[in-house]
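Note sheet for the following structure.
Every heavy atom of this structure was used, including side-chain atoms; hydrogens, water molecules and symmetry mates were not. We number each residue from 1, following the sequence as shown.
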Amino acid sequence: MSEPLAERVALVTGGSRGIGRAIAASLVRAGARVVLTARTSEAAERAAAEIEAPQERVRGVALDVSSDEQVARVVAGLLDDYARIAILVNNAGVTSDNLLLRMKPEEWSRVVDTNLTGVYRMCRAVVPSMVRARFGRIVNITSVVAEIGNAGQTNYAAAKAGIQGFTRSLAREIASRNITVNCIAPGFIDTDMTRGLDESVRSQLLEQVPAKRLGQPEDVAAAVVFLAGEDAGYITGTTLHVNGGMYM
């Protein structure tokens, strides 16, 4: 079986379930050595154990991307263990939905600090080693909501749109070092969150999708594997939409 990412070390934040776990599993199948993170060691280690791969190919570690101290410590430890991180996938994120007139300051801050500032923290910690190696692939997971907006998600939409601007700017800064920085913006994906919706709500969602189906986490993961590979080496600063035609 072809392994286009053979022996490259990939770090996937928010990798314990849903899209993140599918990304981690797909990178492992592509040959990468994957470190996936979750807020707790138990969740991270359980997800790593559920991915069918030799133990040395996938590892789970605890990491809260909203903590400056944890990001610095965990990334430094991984660089000690692996020498370099070739692929960084920023997938960790939270929601705290509310209409703006009811949104508490802590609901705004929690989402922006994790979803947007967390991407800054991770890139700030990992990029220097990529610059020294003159190679890197960074993939930031945003959302279709960054493009179309969604009532009750001003915090989430602002954070995800901010990631896209951050991505374009960072891509310009480090392209000459053979490091690409791109976004993937999923649409409605079949995860625990969407499975918990009422059937009438799911039907309304599907009406917005020309493909007439929800996406699978593996649809997003396949796009990540592509952007992490050699064939995408001349693609940087872009947002790849994986949404069944919902936003064009």
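- Looking at N155, its side chain does come within 3.5 Å of a backbone N or O of S96 through a donor-acceptor pair.
- Pairing each heavy atom of S129 with each of I85, the nearest pair is OG-N, 4.4 Å.
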message: Would E199 and Q204 count as a side chain to side chain contact (heavy atoms under 4.5 Å, CB included) here? Give the steps.
response: CA-CA 9 Å; E199 192 57 41; Q204 291 174 13; over 6 Å; no

message: Set out, in order, the CA-CA distance, both residues' side-chain angles and the distance that settles side chain to side chain donor-acceptor pair (under 3.5 Å) for T95 and D97, then state yes or no.
response: CA-CA 6 Å; T95 58; D97 297 350; 4.5 Å; no

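- Remark: side-chain polar atoms of E45 are not paired, donor with acceptor, to backbone N or O of G60 under 3.5 angstrom.
- Contact annotation: the side chain of E69 approaches that of R73 to within less than 4.5 Å [non-hydrogen atoms, C-beta and beyond].
- Taking 4.0 Å as the cut-off between side-chain N and carboxylate O, R29 and E218 do not count as a salt-bridged pair.
- The local environment of CZ in R84 is crowded, with over 12 non-hydrogen atoms from other residues, nucleotides or ligands closer than 6.0 Å.
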field: Chi angles and distances behind the salt bridge (charged side-chain N to carboxylate O under 4.0 Å, His left out) call for D219, R213
entry: CA-CA 12 Å; D219 294 324; R213 70 172 179 89; 3.4 Å; yes

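- The two residues N90 and C123 have their closest heavy-atom pair at ND2-SG, 3.7 Å.
- Annotation: side chain of I189 is not in contact with side chain of L214 (no heavy-atom distance under 4.5 Å).
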task: Could you give me the CA-CA distance, side-chain angles and deciding distance for Y82 and R8, then say whether side chain to side chain donor-acceptor pair (under 3.5 Å) is met?
output: CA-CA 10 Å; Y82 298 105; R8 287 185 178 165; over 6 Å; no

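- Among all heavy-atom pairs drawn from A32 and A10, the shortest one is CB-CB, 4.3 Å.
- By the 4.5 Å heavy-atom criterion applied to side chains, M103 and T154 are counted as neighbours.
- A heavy-atom distance below 4.5 Å is found between the side chains of I184 and L227.
- No donor-acceptor distance shorter than 3.5 angstrom exists from the side chain of E147 to the backbone of V144, with no hydrogens or angles considered.
- Taking all atoms of both residues into account, the shortest heavy-atom contact from V112 to A159 is CA-CB, 4.2 Å.
- The backbone N or O of P217 lies less than 3.5 Å from no partner atom in the side chain of D190, so there is not a single donor-acceptor pair.
- Residues V127 and R177 are not in side-chain contact: their nearest non-hydrogen atoms beyond the backbone lie 4.5 Å or more apart.
- Looking at N140 and T167, their side chains do bring a donor and an acceptor atom within 3.5 Å of each other.
- Side chain of T40 to main chain of A43: a donor-acceptor pair is present (N/O by atom type, distance under 3.5 Å, no hydrogens or angles).
- Remark: the backbone N or O of C183 is not paired with any side-chain donor or acceptor of T142 at under 3.5 angstrom.
- Hydrophobic clustering of Ile, Leu, Val, Met, Phe, Trp and Tyr side chains at less than 4.5 Å, counting indirect connections, keeps V94 apart from Y120.
- Contact of the M122 side chain with the L11 side chain is registered, since non-hydrogen atoms from C-beta on lie closer than 4.5 Å.
- Using a 4.5 Å cut-off on side-chain heavy atoms (C-beta onward), R39 and T114 make contact.
- Closest of all the heavy-atom pairs between V209 and L205 is CG2-O, 3.6 Å.
- Contact check on R33 versus D81 returns no salt bridge, with no Lys/Arg side-chain nitrogen under 4.0 Å from an Asp/Glu carboxylate oxygen.
- Taking all atoms of both residues into account, the shortest heavy-atom contact from A185 to T239 is CB-CG2, 3.8 Å.
- T236 places no side-chain N or O within donor-acceptor distance of the main-chain N or O of A171, the cut-off being under 3.5 Å.
- Without hydrogens or angle criteria, K160 side chain to I141 main chain gives a donor-acceptor distance under 3.5 Å.
- With respect to R46 and E42, no salt bridge is recorded, no charged nitrogen being found less than 4.0 Å from a carboxylate O.
- For the pair I179/F135, no side-chain contact is recorded, criterion being any heavy-atom separation below 4.5 Å from C-beta on.
- The existence of a salt bridge linking R121 and D113 is confirmed by a sub-4.0 Å separation between a basic side-chain nitrogen and an acidic carboxylate oxygen.
- In this structure, N150 contributes its side chain and A157 its backbone to no donor-acceptor pair below 3.5 Å.
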